[in-house]
Amino acid sequence: GGLGLHAGAEEIGATVIPMSSGNTALQIQTMIDFGATCLCCTPSYAMYLAEEIEKLGVKDQLKLKVGIFGVGRGMDLAKDFMLLGADIVAICDFNEERLEEATKKVGKDTAVYSDFDSFIEHDLDAVVLANYFHEHTPFAIKCFEKGLHVFSECISNGTMAEGIELLKAFKNSNSIY
């Protein structure tokens, strides 16, 4: 299991930091320093790490910073990401009324954009694409070009040609899709 996970993670371009129990404070600091957004370990050790992270007061330094594009359907996904411990740091939509309503749900500290290019300049780790499915490809490609991870909430392309374009852009990036 562990070696396969290690090799598979490296295959997709992930930075792998092998660790085992012991010197937990140093492990947590390493996770912070490397900007870890993923942890693979036994459930019991994950619980122990979570307790130690809470005790050290560094929980906020390990949160994934997520932006939501398309706040109609995207707000339901935002709730799911927040339940998983991510921070929704920015939202974007071309519909001003939906943006206004979404702002009430995510709070005043969340940046609000109506322009996608400005939105992806925000300090983000990942973008949730919850706009119309036939529009995902160009937005996902822009995210890949910025090194952002992408979660498409539905089918990602409207045509085979878009699918090929999307895969080429993804292959040339270090993003997770």
Min side-chain heavy-atom separation [X]-[Y] under 4.5 Å:
| X | Y | result |
| --- | --- | --- |
| I164 | M160 | yes |
| T103 | T110 | no |
| F94 | F69 | yes |
| I141 | E165 | yes |
| S152 | F139 | no |
| V66 | V128 | yes |
| I91 | V106 | yes |
| R98 | M75 | no |

About how many Å separate [atom2] of [Y] and [atom1] of [X], when rounded to the nearest 0.5 Å?
| X | Y | atom1 | atom2 | result |
| --- | --- | --- | --- | --- |
| Y113 | H122 | OH | NE2 | 5.0 Å |
| I155 | E162 | CD1 | CD | 10.0 Å |
| K146 | D117 | NZ | CG | 9.5 Å |
| Q29 | L56 | CD | CG | 9.0 Å |
| I68 | K105 | CD1 | NZ | 12.0 Å |

Which donor-acceptor pairs under 3.5 Å do side chains of residues 77-90 form with protein atoms, sequence neighbours excluded?
none

- Test side chain to side chain contact (heavy atoms under 4.5 Å, CB included) on V58 and I28 and set out the steps. CA-CA 9 Å; V58 295; I28 292 169; 3.7 Å; yes
For the residue pair [X] and [Y], what are the closest heavy atoms and their distance?
| X | Y | value |
| --- | --- | --- |
| A130 | G70 | CB-O, 3.4 Å |
| G72 | D93 | N-OD2, 4.0 Å |
| A140 | L166 | CB-CD1, 3.6 Å |
| S156 | T137 | O-OG1, 3.0 Å |
| I120 | L124 | CA-CD1, 4.2 Å |

- Steps toward side chain to side chain contact (heavy atoms under 4.5 Å, CB included) verdict (S173, E145): CA-CA 7 Å; S173 77; E145 290 170 349; over 6 Å; no
- Message: Side chains of S175 and H149 only: does a donor on one sit below 3.5 Å from an acceptor on the other?
- Response: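 S175 vs H149: no donor-acceptor pair found between side chains.
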- Query: Quick one: do the N131 and H136 side chains pair a donor with an acceptor below 3.5 Å?
  - Reply: yes
- Message: Between Y177 and F144, is the ring centroid distance below 6.0 Å?
- Response: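 Here the rings of F144 and Y177 have centres that are less than 6.0 Å from each other.
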- Query: Is it true that L64 and V150 fall in one hydrophobic cluster, defined by side-chain heavy atoms closer than 4.5 Å?
  - Reply: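 No, no single cluster joins them.
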- Is it the case that more than 12 heavy atoms not belonging to E100 sit under 6.0 Å from its CD atom? no
- Task: Take C143 and F119 through the side chain to side chain contact (heavy atoms under 4.5 Å, CB included) test and state the conclusion after the steps.
- Result: CA-CA 10 Å; C143 290; F119 166 68; over 6 Å; no
